[in-house]
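Working notes, beginning with the structure itself.
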2 protein chains.
Amino acid sequence: MSKSRRLTSDHPTREKILHATKELLWERGFAAMSPRDVMDRSGAGQGSLYHHFSGKHDLACAALAEMAAEEKAAMAKIFDPRKEPLARIEDYLGRERDALRGCRLARLAGEAAMADAGFRLSIADYLDEIERRLLRALDEAKASGAIATAADARALAAMILAVVEGGFVLARVHWDPGRMTRALDGAREILRDLAANGL
Amino acid sequence: MSKSRRLTSDHPTREKILHATKELLWERGFAAMSPRDVMDRSGAGQGSLYHHFSGKHDLACAALAEMAAEEKAAMAKIFDPRKEPLARIEDYLGRERDALRGCRLARLAGEAAMADAGFRLSIADYLDEIERRLLRALDEAKASGAIATAADARALAAMILAVVEGGFVLARVHWDPGRMTRALDGAREILRDLAANGL
DNA sequence: GTCTATAGAAGGATAGAC
DNA sequence: GTCTATCCTTCTATAGAC
């Protein structure tokens, strides 16, 4: 307080290390990323790395927490409550994405480290926030009569999130962004069907 | 021909190595699996491993090809053309799965090795076959009037596949099979909506 | 806080005997 | 075909000087 601390510390070396780690986690994943890679990319020495972090696992968790915070901030804009509920969902589905790179956080779902709760935490928190925002939008859309369906809104919210995350998987497996686009189109068309019923 | 060769060779050691590799790829992924792990689990020596396969990459590709063939055989049963088209899709969505283990093939989507075309091949082939079977079922369902929708069947097929693969991602990230169930429920309820329109 | 030096273990692959 | 021995590199982390 008295010394005007920030949540993200002011240590420049620590920041550089975290920045490089965030990049490498997205590019290569956890198992395929080494502390040496982080040192090389950040320019920091081994001493700095192990001074600020207890090891590779701790480093990754810290980086994931920052990544989740950044992506959650982006979601707050996309799901701006001043927008129409269906427009929020459309904007989420239509968001610009680099499909081949995969979801910045959920791309790590296949890692063996996912069995560890600490590693999972930030990723789960991020996905949960999206799902909650989708649910709120769907509830509002149903309440206002913008969509009509017998389907449970919680199931629909989970489904929409799954389409996005699954779309990333399809794009990467086929190495073709169009595979994700097609899956997202399916979700968009379904929403249009529900909206038409609501007319 | 004359010596009654099979596609899967008769060499028992080679088979044991492949069997262990298939298990390890599912459990740990590619980057987190080592040739030594394969030797330990299969009981085969290093000489055998490098006699039958040129290296870790080659070994994984061979294992993936077998896994894809096995899973495609399972899909042939689930999508039996003698069933009603919607029943095929329901059976696909409702198939028994170990959600926390992830999709046996697409779980590797996040691997850095995915950028390699050879590594990707069998996984892409497997997912593509599912998508084609889903498309055929949807086309038949639309033709027979079992479902009614303005949505493009190709987009719907991609969406349903994405829900399943995305459902695996959600389950693993939250370490909760219920997360996948909920996403699948969404897809089921949407199909029910479309079927109701078709009545 | 940061650097360099050091270190045991594991990874990935080859060599050559049998 | 299979085994054991061997090899160099990379990984992950620690020690200790500055």
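These values consider heavy atoms only, across backbone and side chains, with no hydrogens, waters or symmetry-generated copies. All chains are named by letter (A, B, ...) in the order of the sequence lines, taking the proteins before the strands, and each is independently numbered beginning at 1.
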Using a strict cut-off of less than 4.0 Å between a Lys/Arg side-chain nitrogen and an Asp/Glu carboxylate oxygen, indicate whether B:E90 and B:R188 qualify as a salt bridge. no
Can you work out whether B:G47 or A:G47 has the more 5'-proximal nearest nucleotide on DNA chain C? A:G47
Close N/O contacts between protein and nucleotides 10-13 of chain D (under 3.5 Å):
unit_1: D:dT12; atom_1: OP1; unit_2: A:K56; atom_2: NZ; d: 3.0
unit_1: D:dA13; atom_1: OP2; unit_2: A:Y50; atom_2: OH; d: 3.2
unit_1: D:dA13; atom_1: OP2; unit_2: A:K56; atom_2: N; d: 3.0
unit_1: D:dA13; atom_1: N7; unit_2: A:Q46; atom_2: NE2; d: 3.1
unit_1: D:dA13; atom_1: N6; unit_2: A:Q46; atom_2: OE1; d: 3.0
unit_1: D:dA13; atom_1: N6; unit_2: A:Q46; atom_2: NE2; d: 2.6

Can B:D91 and B:K77 be counted as an ion pair, charged N to O under 4.0 angstrom? no
Quick one: do A:E71 and A:R95 make a salt bridge, cutoff under 4.0 Å? yes
Please report, rounded to the nearest Å, how far the P atom of C:dG12 is from the CZ atom of B:F53. 16 Å
Counting only side-chain N and O atoms of B:T13, is one of them less than 4.0 Å from OP1 or OP2 of D:dT2? yes
Can a side chain N or O of A:H52 be found less than 4.0 Å away from OP1 or OP2 on C:dG1? no
Expressed as a whole number of angstroms, how long is the span from A:H51:NE2 to C:dT4:P? 17 Å
Distance only, no hydrogens: is a donor on one side chain within 3.5 Å (strictly under) of an acceptor on the other, for A:D125 and A:S122? no
When you check the gap from the basic side-chain N to the acidic O, do A:E27 and A:R41 get nearer than 4.0 Å? yes
Between A:R132 and A:E129, is there a side-chain N and carboxylate O pair less than 4.0 Å apart? yes
To the nearest angstrom, the CG-P distance between A:L49 and D:dA15 comes to 16 Å
